[in-house]
Amino acid sequence: MLGKVVRSKAVARAAVVGLAVGVFALAALAAISITTNARTTSHVRHVSEISDHWAELDMNISVETEALNSYVVNKKFGRDLLDSAVHSASPGLAWQTRNGDELDVQNATLATDAYGAFTQTLIDVRRATSDPEYMKVLADQAALGSSMLRKTANANVTRHRLAMDAYLADADQFNQKLSLAATVVCGVDFLLLVLCASILLTHQRRIEGQAVESRYRALHDELTGLANRALLADEIDAALWVAGQEQESVGLLLLDLNKFKEVNDTLGHHAGDLLLKEVADRLTAAVRTTDTVARLGGDEFAVLMPEINSPEHCSEIARRLLEALEGPAELEGVTVDISGSIGAAVYPLHSSSGAELLQHADIAMYTAKRNRLGIAVYDPSADNHSSQQLSLIGELRRAIDEDELVLHYQPKVSTSTWRVVGVEALIRWEHPVRGLLQPGEFIPQAEENEIIVPLTDRVLTMALNQHRIWRAQDTPLPVAVNVPTVCLLDETFPDRVARALAASGVAPGALTLEITETSIISDPVRATAILTELRAMGVRLSVDDFGTGYSSMSYLQNMPLNELKIDRSFIRTLSDSHGGTAIVRAVLELARALELEVVAEGVEDEATLILLGDMGCTNAQGYYISRPVRAADLMAWLGRPALETV
């Protein structure tokens, strides 16, 4: 409770304001005390001065009286003393008249009159030397005046002393109150100071804690708590320095999960996060205490391993990690299988720096993933291959601009009439040095570098232009073009298709766009919107490689499709596999229910083609019918009387 109070911003502000008020109050009390003491001192000095002048009057009257007595006793010796004493009190009475308080002025005025009479009596005594009796009467009269004046002076001295005592008592009482107030204010200020110090220390500790937490967050992955790329880089540099001093080796493993995107797409990002946490826990539990596990981003992890004996040792550890990683995992009631690909690199055998170690482990990981090896150790030849791939992407951009791409066309035939009902356009690259390249040699790299978008636009334009030529030759073959996921989810794609159709003068119904199941399920809402727009234009839509995706059949009810293409893996075993036949029949029944046409891919013999016709499959394509060929060769093939393998 106290901690919450101390951490409260309102309490902190109130404490600071209170302390400021308290300090101001102390300053005010000090100023009042100084002013009061100065005023008291001035008042005491003034009253003392007035009292001193009344005392001086008493003394002067006494001196004059003594001088009179001396003169009466001995006129000769007392004459000078009496002459010098006369009028000695006049300056004091004049000062009282000017500087005394109201009562002093009144008393001084009366005393001045009495002193004048007294002085005149002394003068008369001084003149009455010849008449002793008269002089004695005057002397007695002067004595009475002296007594009255001295009593007046003493009375005023006493009055001022009593007034001063009362004033000092009041001042002392006020000072006591002032001292008490100062003590209370000091006590409150001390408590506020303690509170402010506590607040300051609490905030300092909080700031220090936040700094530590910020540094931790800056160096650790927020989701899994593992080291992030920045911390891994620091750990790699430290490990390489130690290894260089002690002549040891350091291993680095990079791990990438398989089919993580499908988990995110089908089960949602929350399930993906749970999967990443599970992977982090499994890796952390499987490594040595000296190893560092890091998450580099997405579904990519790294394990830094100091003190590696050899590449074989590194590979063995990687194998144990992969075994610990692989296996089913429960994600909110759904069981998914975890697997991955690991690339390994060893310092100083494969790399001379931390950056190179990361790069080479990454190359090895992609080698393992591309070749489905599970684990791969860095191989310089694979690195050269990667460099070639990077070069290939740059050359592909040039190939698009310089018309090095060509299309081969594979015909689709009706299973009932064996007549050609359309063709599928398939890309090839006539490389000036490497010769004719198949799609598998450059399409995956194009998809990774997003050059697939201009490549698809180029293929679409070439296919439509070829259809226009065929139409002019009275052979209006409908043409199908494969569309990658990135285009299917691009809101500008329908506009680009419309412009290509308009530029070539081809009717939308002559174009079929073939898409894959995985491209649909990656973002069903956006895919449906774009497909609906394409269908509204009159373009035909087909699902390629149907049956190999990870989605349910529910999307078929909502997507504006025209056709299903059964994957070749089911057609290849159709004649000798009961399971394959059952799957094909199920797809045909589904297509009939949804009023969709069906194309069977991968027909490689006559028996399969006849069986597909008997089962009610609409169309077919495959090597038995024709391999993909150039446009000119396709025209020659169309003139043959029977189907043959080309």
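Reckoned from all heavy atoms, side chains included, excluding hydrogens, waters and symmetry mates.
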### Message
Taking Ser33's backbone N and O only, do any of them form a donor-acceptor pair with Asn37's side chain (distance below 3.5 Å, no angle check)?
### Response
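Flag set: sc Asn37 to bb Ser33 pair under 3.5 Å.
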Compile the donor-acceptor pairs under 3.5 Å between side chains in residues 168-181 and protein atoms, sequence neighbours left out, one pair per line.
residue : atom : partner : partner atom : Å
Asp172  : OD2  : Gln176  : NE2          : 3.2
Asn175  : ND2  : Ala171  : O            : 3.2

Pairing residues for [X] by the salt bridge (Lys or Arg N to Asp or Glu O under 4.0 Å) criterion, not counting sequence neighbours:
| X | value |
| --- | --- |
| Asp299 | none |
| Arg98 | none |
| Arg229 | none |

#### Entry: Test item: side-chain donor near acceptor, His46 and Asp101, under 3.5 Å
no
### Summary
With Arg295 as partner, the option from Asp221, Asp256, Asp273 fulfilling salt bridge (Lys or Arg N to Asp or Glu O under 4.0 Å) is Asp221
### Task
Check step by step if side-chain contact (heavy atoms from CB on, under 4.5 Å) holds for Leu488 and Thr516.
CA-CA 10 Å; Leu488 181 61; Thr516 61; over 6 Å; no
### Query
Given the rule in the salt bridge (Lys or Arg N to Asp or Glu O under 4.0 Å) test, do Arg319 and Glu323 qualify, once you have shown the distances and angles that lead to the verdict?
CA-CA 6 Å; Arg319 193 170 306 281; Glu323 290 175 355; 5.9 Å; no
#### Entry: Those residues that, when tested against Val185, pass side-chain contact (heavy atoms from CB on, under 4.5 Å) (two or more places apart)
Ala25, Leu26, Leu29, Asp189
### Query
Who passes side-chain contact (heavy atoms from CB on, under 4.5 Å) against Thr41, sequence neighbours left out?
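Result, side-chain contact (heavy atoms from CB on, under 4.5 Å) vs Thr41: Arg45.
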### Query
Parallel under 30°, tilted from 30 to 60°, perpendicular over 60°: which one fits the rings of Tyr378 and His350?
perpendicular
### Message
Can you classify the ring geometry of Trp95 versus His53 as parallel (below 30°), tilted (30 to 60°) or perpendicular (above 60°)?
### Response
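Taking His53 first and then Trp95, their aromatic rings lie parallel (interplane angle under 30°).
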### Message
Restricting to non-hydrogen atoms, name the atom on Ala446 and the atom on Leu455 that form the minimum distance, rounded to 0.1 Å.
### Response
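That closest heavy-atom pairing would be CB-CD2, 4.2 Å.
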### Task
Might you point out which heavy atoms bring Leu252 and Ala302 nearest each other, and give the distance in Å?
CD1-CB, 4.4 Å
### Query
Would you find more than 12 non-hydrogen atoms of other residues, nucleotides or ligands less than 6.0 Å from Glu330 atom CD?
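Buried by this count: over 12 neighbours within 6.0 Å.
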